[in-house]
Amino acid sequence: TKHNVTILERKSKAIFSFLINRFIEKVITVSNFEKYNLLNLGVKEKKVKTIYNGVDLEQFKFEDKIFNSKDEYKIGILARLSPEKNHSLFLKIANLLKGSPNIKFYIAGDGPEKESIIKTIEEFNISNSVELLGNVGNPDRFLKDIHVLLVTSYREVFPMSVIESMAIGTPIVSIDVGGINEAIENGINGFLIPDYLPDRFVEKINCLLSNEEIRNRFITMSRNKVEREFSLNKMISSIENEYSSILVKE
């Protein structure tokens, strides 16, 4: 099962595809985005099968969120504090909204960019509106507690945080990168942003917080899609079928 870019495919695409085609019976990819990457490298299509990651629907239970204009709106990001997750964009968005007294930003995760993030928070003077939570042992609780999840990454294959957020009922504003658009359909069950411009994110955040009809549609459509396509049971069943088909051939 392929989740990320390997050293071999970066160093020698020809050797990588040769080894896959010659010695590997089947490669499971977690998104069609990754599948097409392999095909472009020269891996034979019959060797590749996409099986999406699955969410435990019992752990990530749907929760109907109540929005009140007097309440604090919580905007969150759930990601390792590393360069490819692009927390600097998240902080630029927070900086643009720091004049909104009822909006607060939460960063869940830890990693090598922590000190750089703290420094940027100080430079932007947004320490009153941004809180670092460190690693969260229960991502379901974090996603239930926030009102909007942001995804700002430079690179993604198919992030679990997106489908977990969809399952719980937390709307998403995400950059359109990797396989994210296989889960989020722009304007249908979330917002996809084509470029790394903070004001585009701010516009969609304000839309979600002010428009109950759009918010509720995103929440309902997201949960329905997870139940149809991204459940843990569906993932397990699909993987079992793939392995069984290989054993039968042998």
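- A search for side-chain contact (heavy atoms from CB on, under 4.5 Å) contacts involving Glu240 returns Ile236, not counting sequence neighbours.
- Residue-environment remark: CZ (Arg22) stays at or below the threshold of 12 foreign heavy atoms within 6.0 Å.
- Nearest approach of Ile214 to Cys207, heavy atoms of both residues: CD1-SG, 3.6 Å.
- Here the straight-line distance linking atom CD1 of Ile75 with atom CZ of Phe201 works out to 12.0 Å at 0.5 Å rounding.
- In this structure, the side chains of Leu41 and Glu9 come closer than 4.5 Å at one or more pairs of heavy atoms.
- Counting non-hydrogen atoms of neighbouring residues, nucleotides and ligands closer than 6.0 angstrom, the CG atom of Asn138 exceeds 12 such neighbours.
- Minimum heavy-atom separation, Ile77 to Phe142: O-CZ, 3.8 Å.
- Under a 4.0 Å N-O distance rule, the pair Arg223/Glu227 qualifies as a salt bridge.
- Not a single donor-acceptor pair under 3.5 Å links the side chain of Glu242 to the backbone N or O of Lys49.
- Between the CG atom in Leu97 and the CG atom in Asn102 there is a gap of 10.0 Å [rounded to 0.5 Å].
- The shortest non-hydrogen separation linking Ile188 to Phe218 is O-CD1, 3.4 Å.
- Contact check on Glu229 versus Lys234 returns no salt bridge, with no Lys/Arg side-chain nitrogen under 4.0 Å from an Asp/Glu carboxylate oxygen.
- Using a 4.0 Å cut-off between charged nitrogen and carboxylate oxygen, Asp110 and Arg80 do not count as a salt-bridge pair.
- With hydrogens and angles disregarded, no donor-acceptor distance shorter than 3.5 Å links the side chain of Lys144 to the backbone of Thr170.
- At least one donor-acceptor pair under 3.5 Å links the side chain of Asn241 to the backbone N or O of Ser237.
- Across all their heavy atoms, Glu72 and Lys74 have their closest contact at OE1-CE, 3.3 Å.
- Two residues are said to be in side-chain contact when any heavy atoms from C-beta on lie closer than 4.5 Å; Lys114 and Leu132 meet this criterion.
- A 6.0 Å sphere centred on CG of Asn40 holds more than 12 heavy atoms belonging to other residues, nucleotides or ligands.
- Taking CD1 of Ile93 as the start and CD1 of Ile193 as the end, the distance is 8.5 Å to the nearest 0.5 Å.
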Take Leu143 and Leu78 through the test side-chain contact (heavy atoms from CB on, under 4.5 Å) and record every step on the way to the result. CA-CA 8 Å; Leu143 293 172; Leu78 177 60; 4.3 Å; yes

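- Using a 4.5 Å heavy-atom cutoff, the side chains of Tyr52 and Asn32 are in contact.
- Val157 is not connected to Ile28 by any chain of hydrophobic side-chain contacts under 4.5 Å among Ile, Leu, Val, Met, Phe, Trp and Tyr, and they are in different clusters.
- Cluster annotation: Leu96 is connected to Val173 through the hydrophobic network of ILVMFWY side chains, with a link wherever side-chain heavy atoms come within less than 4.5 Å.
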Assess the residue pair Val27 and Ile20 against the criterion (side-chain contact (heavy atoms from CB on, under 4.5 Å)); give the C-alpha distance rounded to whole Å, side-chain angles, the decisive distance to 0.1 Å, and a yes or no. CA-CA 8 Å; Val27 179; Ile20 294 291; 3.9 Å; yes

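- Between Ile103 and Leu209, some side-chain heavy-atom pair lies under the 4.5 Å cut-off.
- Put simply, Phe16 and Leu39 are part of the same group of oily side chains (I, L, V, M, F, W, Y) that touch within less than 4.5 Å, one to the next.
- At distances below 3.5 Å, not a single donor-acceptor pair connects side-chain atoms of Glu34 with backbone N or O atoms of Ser31.
- Around atom NZ of Lys98, more than 12 heavy atoms belonging to other residues, nucleotides or ligands sit under 6.0 Å away.
- For the pair Ser174 (side chain) and Leu150 (backbone), a donor-acceptor distance under 3.5 Å is absent.
- No side-chain heavy atom of Lys225 sits under 4.5 Å from any side-chain heavy atom of Ser222.
- Atom OH of Tyr106 sits about 10.0 Å away from atom OG of Ser129, to the nearest 0.5 Å.
- Linking ILVMFWY side-chain heavy atoms closer than 4.5 Å, directly or via other members, places Leu19 and Ile7 in two distinct hydrophobic clusters.
- A side-chain donor from one of Asn86 and Ser88 sits under 3.5 Å from a side-chain acceptor of the other.
- In the hydrophobic cluster analysis, where Ile, Leu, Val, Met, Phe, Trp and Tyr join through side-chain heavy atoms closer than 4.5 angstrom, Leu197 is grouped apart from Leu192.
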Applying side-chain contact (heavy atoms from CB on, under 4.5 Å), run through Met166 and Ile172 and close with a yes or a no. CA-CA 8 Å; Met166 289 169 63; Ile172 302 167; 3.7 Å; yes

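- Not counting sequence neighbours, the partners of Asn21 by the side-chain contact (heavy atoms from CB on, under 4.5 Å) test are Ser17, Val43, Lys44, Lys47.
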Could you go through the side-chain contact (heavy atoms from CB on, under 4.5 Å) check for Ser153 and Lys85 one step at a time? CA-CA 4 Å; Ser153 308; Lys85 299 302 182 181; 3.6 Å; yes

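- Residue-environment remark: CD (Glu45) stays at or below the threshold of 12 foreign heavy atoms within 6.0 Å.
- To the nearest 0.5 Å, atoms CD1 (Ile121) and CD (Glu131) are separated by 10.0 Å.
- In this structure, CD1 on Ile180 lies 9.0 Å from CZ on Phe158, to the nearest 0.5 angstrom.
- What you find for Ala183 and Asn189 is that their closest heavy atoms are O-ND2, 3.0 Å.
- Between Phe191 and Pro171 there is no side-chain heavy-atom pair separated by less than 4.5 Å.
- Atom CG of Leu133 is surrounded by more than 12 heavy atoms from other residues, nucleotides or ligands within 6.0 Å.
- Of the residues listed (Ile175, Val177, Val162), the one engaging Glu156 in a side-chain contact (heavy atoms from CB on, under 4.5 Å) is Val177, and it is the only one.
- For residues 190-212, the pairs satisfying side-chain hydrogen bond (donor to acceptor under 3.5 Å, both in side chains) are Asp195-Arg200, with sequence neighbours left out.
- The minimum heavy-atom distance linking Val55 with Ala167 is given by the pair CG1-CB, 4.0 Å.
- By the 4.5 Å heavy-atom criterion applied to side chains, Ile107 and His87 are counted as neighbours.
- Asn181 is not listed as a side-chain neighbour of Ile184, based on a closest heavy-atom distance of 4.5 Å or more.
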